[in-house]
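Source: prediction; values computed, not measured.
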Amino acid sequence: ETPAPAPVPVDPVRPGVHLDLDDRSARVDLWERVRNGFAMSDIDSELVRDRERWYASRPDYVARMTDRGSRYLFYIVEELDKRGMPTELALLPFIESAYNPQAMSVARASGMWQFIPSTGRDFALKQNLFRDDRRDVLASTRAALDYLKKLYGMFGDWHLALAAYNWGEGSVQRAIAKNQRDGLPTDYLSLRMPAETQGYVPKLQAVKNIIARPADFNLRLPELMNHPYFLSVPIEHDIDVAVAVQLAGLPIDEFQSLNPQMNRPVILAAGTPQLLLPYDNANRFVRELPRHRGPLASWTAWVAPRTMKTAEAAHNVGMSEEGLREVNHIPARMLIKSGSTLLVPRASSLLTNVSSTVADNASLALAPDVPPLRRVALKAGRHETVASVAKRYRVSATQVAQWNDVNTTAKFAPGQSVVVFVAQTPKKPRSGSRVGPRGQTAHAAEMKNTSPRAVARPPSASRSVKSAPTRKHVRSGHP
C-alpha cells in the first residue's frame with residue numbers, strides 16, 4: 001500500500017490550541033480545579049456517612065478507581081466547563097462504573113457512564129458489530145452530558161436530574177406528582193424512590209467529600225496536572241488494532257483503556273475516524289505511520305448477498321468454515337441471513353476502506369439450519385397435556401405452549417384443536433403410503449381431524465444478535 005500521510009495529533013477538546021505541557025496553566029493541580037468547580041448543594045444524611053465509611057475502609061479500591069479516572073478526568077472537566085455544568089458530574093463515573101469504560105452491568109448498561117442500549121441509541125451512540133459507542137470515551141461523555149443537561153432542564157434541580165439519570169425521568173416525574181397530590185415536599189430527599197436511587201446522590205456526595213478532603217478519610221489521591229492525558233490522532237485508513245498498538249508503542253491494555261469501543265480486531269476509519277493515545281505515544285504513532293510498509297489492515301467486512309450456510313460463506317471469502325465461525329462467533333448449525341456482515345481476511349490487493357454504511361450499521365443475523373416446518377393440527381384426546389403432546393412429537397413443552405397460546409402446564413380438553421409444527425419430510429410415493437382406517441393414508445387420516453378454527457403462531461426461526469435486551473433506566477452496579 002502507499003504509505004499513509006502523517007496525521008496531526010490534537011487535543012480533542014481544543015483542537016485549534018497548541019499543547020504545551022510546560023505552560024503554567026498545565027501545572028495546576030487538577031483536583032483543585034475540580035473542587036473549585038463544585039456547584040451543587042450538599043446533602044448530609046446517614047446514607048452519606050455510610051458510603052464515606054465504605055470508601056474509607058477500602059483505600060486500595062479508591063486508589064485503583066482514581067488511578068483509572070486520571071486518564072479521563074481532564075477531558076471531562078474541560079467539557080463541563082465548556083457547558084457551564086458543575087464539576088461534581090465529573091465524579092459520576094466513579095459511582096457508575098468505578099471509571100471503567102469497559103464495565104458492563106447485568107442489565108446490559110455499558111461504559112463508564114453506563115448507558116443501556118435504548119438510551120444510548122437515543123443519544124446517537126452506535127452499537128453494531130464493529131463498535132459500541134457506549135464505551136467510546138469521547139462519544140459517551142458527550143451523550144452523558146447532553147442527557148444530564150436535558151434532565152436538569154426538565155427538573156431544575158441537579159439532585160432530581162441525577163435521580164432521573166438513575167431511575168428514569170418518567171419515574172421521577174410520577175414520584176413528584178404523587179407528593180404534590182399528597183401535599184408533601186418534592187425535593188430529592190422527600191421522594192419515595194427505590195433503595196438504589198435513594199442512595200445514588202448520597203453516594204456521589206460521599207465521593208465529593210472524599211475528593212474535597214481526602215486527608216479526613218486517611219486517603220490519598222494520585223497527583224494530577226491540568227493537562228490532557230491523551231491526544232486525538234486522526235486515521236484515514238482501516239487499521240488492525242495490533243498494528244495501531246505496534247505503531248503507538250504502548251501495551252494493549254493501555255490502548256484499550258482509551259479506545260474501548262472496538263468489538264473486532266480491526267478499526268474502521270469510516271466509523272472511528274480517530275484514535276486516543278497518550279501524548280508521547282501519539283507523537284510516536286505520527287512518526288511511525290508513514291514508515292510502515294505492508295497493509296495496515298488484515299481484516300475487512302463482507303456482506304452476505306443472500307441467506308447461506310456457513311460452509312458456503314467460508315468458501316466465498318477464502319476461509320475454513322471453522323475459522324469463519326470462530327472469528328464471527330457463529331454457533332454450529334446456523335444459517336447466515338442475507339445482509340449480515342462478517343469479519344473476513346482482507347485480500348492484499350484490496351486498497352479500499354469499508355464504507356460508512358457498513359461501518360455504522362453492521363449486524364449479524366442468524367437462523368437455525370433446520371428442515372422446513374409443516375403445521376399439524378390434531379384433536380386432543382382424554383388427559384392430553386402440553387407435556388404429553390411435546391413428548392409425542394419430540395418438541396419442547398415451551399414450543400407447544402407458544403403455538404397454542406397456553407402455558408407449559410396446561411391441559412387440553414378432549415376434542416380441543418392442538419397445533420404443532422414438525423420437520424417437513426419428503427412425500428413418499430403413493431404406492432408406499434401407510435394405509436389407515438377405511439383405506440386412507442396415515443397423513444390423510446391425521447389431517448381429517450384438522451380443525452378449521454385452529455389458530456397458531458408460527459415458530460420464530462430467526463435469531464438476531466444485532467442488539468442486547470434493554471431496560472428502562474440506568475442502574476449503577478457499584479456500591
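- Side chain of S340 to backbone of L364: no donor-acceptor contact under 3.5 angstrom is found.
- Minimum heavy-atom separation, Q114 to M104: NE2-N, 4.4 Å.
- In summary, the aromatic rings of F130 and W299 are positioned with their centroids too far apart to meet the 6.0 Å limit.
- Side-chain atoms of Y147 and Y165, non-hydrogen and from C-beta on, do get closer than 4.5 Å to each other.
- Between D240 and I267, every side-chain heavy-atom pair lies at or beyond the 4.5 Å cut-off.
- When side chains are defined from C-beta on, N263 counts as touching R135, because their heavy atoms get closer than 4.5 Å.
- Each of L92, I76, D136 was checked for a side-chain contact (heavy atoms from CB on, under 4.5 Å) with M112, and the lone residue meeting it is I76.
- In this structure, a donor-acceptor pair under 3.5 Å is present between the side chains of E96 and Y200.
- Considering every non-hydrogen atom in both L80 and A90, the closest pair reads CD1-N, 3.5 Å.
- Side-chain N/O atoms of N226 and R33 include a donor and acceptor closer than 3.5 Å.
- Residues meeting the salt bridge (charged side-chain N to carboxylate O under 4.0 Å, His left out) test with R192, sequence neighbours left out: none.
- Under the 4.5 Å side-chain criterion, counting only non-hydrogen atoms from C-beta, M334 is not in contact with T310.
- Under the 3.5 Å distance criterion, the side-chain polar atoms of N328 are left unmatched by any main-chain donor or acceptor of I330.
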Donor-acceptor pairs are to be reported for all side-chain atoms of residues 36-43 against protein atoms at under 3.5 Å, with residues two or more places apart or in another chain.
unit_1, atom_1, unit_2, atom_2, d
N36, ND2, E32, O, 3.3
D42, OD1, Q205, NE2, 3.1
D42, OD1, K208, NZ, 2.7

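- The pair D60-R58 fails the salt-bridge criterion, with no side-chain N (NZ, NE, NH1 or NH2) lying under 4.0 Å from an Asp/Glu carboxylate O.
- Looking at D133 and Q127, their side chains never bring a donor and an acceptor atom within 3.5 Å of each other.
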